[in-house]
Amino acid sequence: MAGFRVRVWFDPDGLDVGRPAKDDGLIELPIIPQPGMELADDTGQVAVIRRVILLHSVGPDGAVAVLVCTPG
């Protein structure tokens, strides 16, 4: 199945609070998610997507969007 490559940034203490978000790498999803949707990693930890930034052009790593997530 073809998908969209998106870069995930995780902000452990919430948007605009404390430490800055960190880059958690690249994932491929069948859709570009919307704010409020949840993502789970391999260990079952859940993160909520807070911001979706569509890139003007495809990044060098093939990413078309950036997701900013906080703990769910």
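In what follows, every heavy atom counts, from backbone to side chain, and hydrogens, waters and symmetry copies are set aside.
Each salt bridge (charged side-chain N to carboxylate O under 4.0 Å, His left out) pair with one or both residues in residues 63-72, not counting sequence neighbours, would appear here, but there are none.
L29 and M37 end up in the same hydrophobic cluster when Ile, Leu, Val, Met, Phe, Trp and Tyr side chains are linked at under 4.5 Å. Under the 4.5 Å side-chain heavy-atom criterion for ILVMFWY residues, no single connected hydrophobic cluster contains both V68 and V52. Both I49 and I27 belong to a single network of hydrophobic side chains, linked directly or stepwise wherever heavy atoms of I, L, V, M, F, W or Y lie under 4.5 Å apart.
Nearest heavy atom pair, residue L26 against residue R7, reads CD1-N, 3.8 Å. In plain terms, the two heavy atoms of A47 and F10 that are nearest each other are CB-CE1, 3.9 Å. When all heavy atoms of I31 and P33 are compared, the pair lying nearest together is O-CD, 3.4 Å. When all heavy atoms of C69 and V8 are compared, the pair lying nearest together is SG-CG1, 4.1 Å. For the residue pair T70 and R50, the shortest heavy atom distance occurs at OG1-NE, 2.8 Å. The shortest heavy-atom contact between G72 and V48 is CA-CG2, 3.6 Å.
Here the CZ-CD1 distance, from R5 to I32, works out to 13.5 Å after rounding to the nearest 0.5 Å. Summarising the geometry, atom CH2 belonging to W9 is positioned 9.5 Å from atom CG belonging to D24; distances are rounded to the nearest 0.5 Å.
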request  = With side-chain contact (heavy atoms from CB on, under 4.5 Å) as the test, would you mind laying out the steps for V64 and V58 before giving the verdict?
outcome  = CA-CA 5 Å; V64 296; V58 177; 4.0 Å; yes

